[in-house]
Amino acid sequence: MKLSCEWLGEYVKSKLSPQELAGRLTAVGLPCEGLEQAGDDWVLEIEVPSNRPDCLGILGLAREVATVCGGTLEVPEAVPEKGRASVASMVRVTVEDQELCPRYVARAVSGVKVGPSPGWMQRRLAAMGVRPINNVVDVTNYVLLETGQPLHAFDYDKVAGHAITVRRSRPKEKIDLLGGVVKELDGSDLVIADESGPVALAGIMGGERSEVGPGTVNVLLESAAFLASGIRRTGRRLVLSTESSYRFERSTDWNGVEYASRRAAALIAQLAGGSVASGSVDTGREAPKPKQVTVRYWRVDNLLGAHMEKHVIRRILLDLGLESVYESGEGVTFLIPTFRPDLSREIDLVEEVARHFGYERLPAVTSIPVAVPRKSPADLAAAEVRRRLAGLAFCETVTTSIVPREQGLAIRPWRSSRELTLTNPPRTGQDFLRQSLLPSLLEVRRVNQAACVRDVSVFDLGRAYLCRPDGSVDERRLLAALDDHSEAAEDGPFGRLRLGLDAVLEVFGAAGELRVEPGELPYMEPGEGARLFLDDEFLGVMGRLAEKLRPLYELRTRPAMWEINLDALIARGRPLPRLEPLPRYPAVRRDVALVLDEGVSWSKVAAAVAGAPCPLRESVEFLSVFRGKSLEAGKKSLAFSVIYRAAERTLTDEEVNSLHAGLVEALTGRLGATLRA
Amino acid sequence: MSSTLSARVEEVRVQALSALADARNAADLEKVRIEYLGRSQGRLRDLLGALKDLPAEERRAAGAKINALKEDLTAALAERAGRVGPAGAAPGGGGGAGGPARADLTQPGLARPVGHLHVLTQTIEAVKDVFGALGFSPVEGPEVETERHNFDALNIPKDHPARDGFDTFFLSCGLLLRSHTSPAQVRVMESQTPPVRVIVPGRVYRPDAVDATHFYCFHQCEGLMVDEGVSFSDLRTVLSMAMEGLLGPGTKLRFRPSFFPFTEPSAEVDVSCIFCKGEGCKVCKQSGWVELLGAGLVNPAVFEAVGYDTERYTGFAFGIGVERLAMFRYGINDIRLFLENDVRFLEQF
């Protein structure tokens, strides 16, 4: 809403400079977003909050200014001189839907001479960004800007049958609006019609047929109240927004309807000549009963946290146009003017007091009782998981949950009874709420590929959006990691990922036994995918992206990745670690390299070591795997260390050598291996 | 066999270090040097000789171990030489003219990869820490929400202009993606009686046109405190302390009246620019202030929607734009960088 300082001066005298005014209005919640000089005038751009329809008229802003600077508000007189004819004899008004149009006031001015409006009015309109047209139309715009009440002037002689009907449109009914726009209506839009059809789209825009022009002699003036939600619906559907609809959507003042009608009729007669027909046609039935609201002094103090003097509270509210109807030592009961629909409860009055007293004058040092904050187990676990993975040189990503449909559908490790789809997606095709973090991580890989970043080790801890069989949404916390390097790592494509996975499981202590079960997954390359189980519960998947899916994610490489159900891990609980006594005697390490069939997995070897009867064996550690020409086809050499330790003495070389030899012999037998000499 | 060799390497290491520790002067040290590192009969030479018996693929690893031992011993010898006596007893092999070998403290290390937490995670953790110190517990809420939680219970009626500020993504099933974290307020109050003191960091969605300051998916952190006698001044106190904690001592706040359907009185809160200390600069667009929060007392209509006694309880709520806070703290100029995850961006924080 623009505000001309010169125009404002007509209603309130203040000594504030335009810059000071901008600051003071901002400080009472009417932020000034711009300040421009227009000739001798200054124009402020005020962002009026949606609960303050009264401030969409300069009079309303003037009331705020008067409260800010202690000035007096001068509301212009609006008493048109009465002509001989009566409006009632000139026009018939029928309102078919009282709810959509609770009040319609018609006035008429006969014998006008349409021409340009005077310079002062043209200047004021132009300063407010409204193009002057002619003295009649300009008056309606002028009064709209002054009072916030939209008006419409019809050429009386072009209103067929001199009968106005406010009704819902008929389905597929057409209307020719000002500026040559034709709109097709559905059955719900409210129109102003005469005997031959719609002449205006109620509260939004007038029609071309009854427009006031140079030849107009008699004017029919409409001032009405329309249901805000109805105007909003029609405006949205037809994509029409006007000064008028903007104000009706925010609701207008019941009493302002009549005042603005009188004000405009008087101004038209003053500027365009003619005589104002006596009286009016007013369809308004019962005026809404003015609300009464009591504000208790102690409540103001309690809510604001500071003592407010009674006279300060009273002065602010009276200046804003409220009327005191009852006062006691406890508080005041006010009559709320109808132009303030936002004031209906005590808290609304407390806000007015706070606003005009000044937020910045309220204390900012109070004492607040101490409280112990609690972090949820999920929060604590997530923080620890992040720390561990970052410690292993994975970078954390945060990715959007809305993914391109095809990409989201291609990787779905988790069951979901249906898909969640956006009806108004940010981009065509990007309408899928992800069911896995893997498509997101592949997109991260693509972004980095485009940025020529060759090596990427990332993880994401985020939500996937799954549906339970009963249809409810399960926003499941998942954890996924992706690893993609330009040079092959010593421990293979999954080495680093596995290290990360083990570190995560360690966060949950003895959560259970991880089982990696190689198998086919539709999105992983055959032979390079596996399901993960913790004890017998499905925990997630691991593998390398299937070659056939590479183009879908626009990748040149096939990254290795895993994804696990973090919620399932969190649900298992996270016991604090218990101290294990430190060993008192040193360990002895022996390395061994076995030549095995390709099909013998590490997990089989580890199980064989674990299963061999050898009491002093403490643990086994993977060292390396070797494939090459020096080996038979279909064979690999697997090297690992076995660590031996006795709890109560230092082991001797001889003892370990013999234990180790025994173990190696057992292993070669069980695994069909030979020793790599 | 490699296990034996590896064991032997360790054995030699222990013995050599022990001999070094026993050396009392330069002459002792020279003896140790000859015994272990000597070119013709040194024990390391023997170890190297044993390499040829190993299978080819293991030779490299074993060789590396022996070399590491050699480097360790050379270094230990030099270090010991510096302690036992005057110069002149420098071990052979390159030390010669320049005196005893010294560590080059100007030399950098070999780069090893390091992981990073996402800057949004770091920002949210900082928020949790600061508000934690003020007694606020972090909680979470769902992102897929109902109209009731996202709008109705927050006093944002259908077909009301107040909804204009909350453009929303709708799902085909009738649910929606929350357009702010405030619905979590409602959920907390539905499940808990006062006193309440929580923050709710989380993701929100709005179908904004994407540019340097708008993305359709971003993060907010909601805060809520409800008890008997909680006042607007308490809100001012908590936010002042928290912003000093997050942005540094001396950070100032400015409360401007505003309108939000779910708070009353409502405020937009600006913080003094940490870069120019309020003098005016590019970051704050010469104003000295940066808008960072929305806040206010909880509207009694919201208390009514969750069944709290509006006469007994009062409270305040606030919302922080997490990306905005991070952009301000770290000088990030484009909101799109956060969710793009270019590793070169991630590694800077």
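In this text the structure is predicted, and so the values were computed from the model without any measurement. Each chain gets a letter, A, B and so on, in the order its sequence line appears, and its residues count up from 1.
- Residue A:R496 touches chain B through its side chain alone, counting heavy-atom pairs closer than 4.5 Å.
- Neither the backbone nor the side chain of A:R446 comes within contact range of chain B; no heavy atom of the residue lies under 4.5 Å from a heavy atom of that chain.
- For A:V28, the part lying under 4.5 angstrom from a heavy atom of chain B is the backbone only.
- At a 4.5 Å heavy-atom cutoff, the contact between A:D348 and chain B is made by backbone and side-chain atoms alike.
- Of the two parts of A:S630, only the side chain, counted from C-beta on, holds a non-hydrogen atom closer than 4.5 Å to a non-hydrogen atom of chain B.
- For residues 341-349 of chain B, the interface with chain A (any heavy-atom pair closer than 4.5 Å) comprises B:N341, B:D342, B:V343, B:R344, B:L346, B:E347, sorted by residue number.
- For A:A354, the part lying near chain B is the side chain, with the backbone staying farther off; criterion is any non-hydrogen pair under 4.5 Å.
- With a threshold of 4.5 angstrom between heavy atoms, A:D379 approaches chain B through side-chain atoms but not through N, CA, C or O.
- Counting heavy-atom pairs closer than 4.5 Å to chain B, the top residue among A:I347, A:T26, A:L420 is A:I347.
- Between chain B and the residues A:R236, A:R52, A:E443, the largest count of heavy-atom pairs under 4.5 Å involves A:R236.
- For chain B, the nearby part of A:Q430 is the side chain; its heavy atoms alone come within less than 4.5 Å.
- Proximity to chain B (any heavy atom under 4.5 Å) is shown, for A:I402, by both the backbone and the side chain.
- In this structure, the portions of A:E360 lying under 4.5 Å from any heavy atom of chain B include both its backbone and its side chain.
- Looking at A:V370, the atoms closer than 4.5 Å to chain B (heavy atoms on both sides) all sit in the backbone: N, CA, C or O.
- If you tally non-hydrogen atom pairs under 4.5 Å between each of A:P49, A:A371, A:A364 and chain B, the highest count goes to A:A364.
- If you measure heavy-atom distances from A:N51 to chain B, the contacts under 4.5 Å come from both the backbone and the side chain.
- Neither the backbone nor the side chain of A:R627 comes within contact range of chain B; no heavy atoms are under 4.5 Å apart.
- Among A:V447, A:D342, A:D460, A:T399, the residue making the largest number of heavy-atom pairs under 4.5 Å with chain B is A:T399.
- Contact of A:V473 with chain B is made through the side chain alone, with heavy-atom distances under 4.5 Å.
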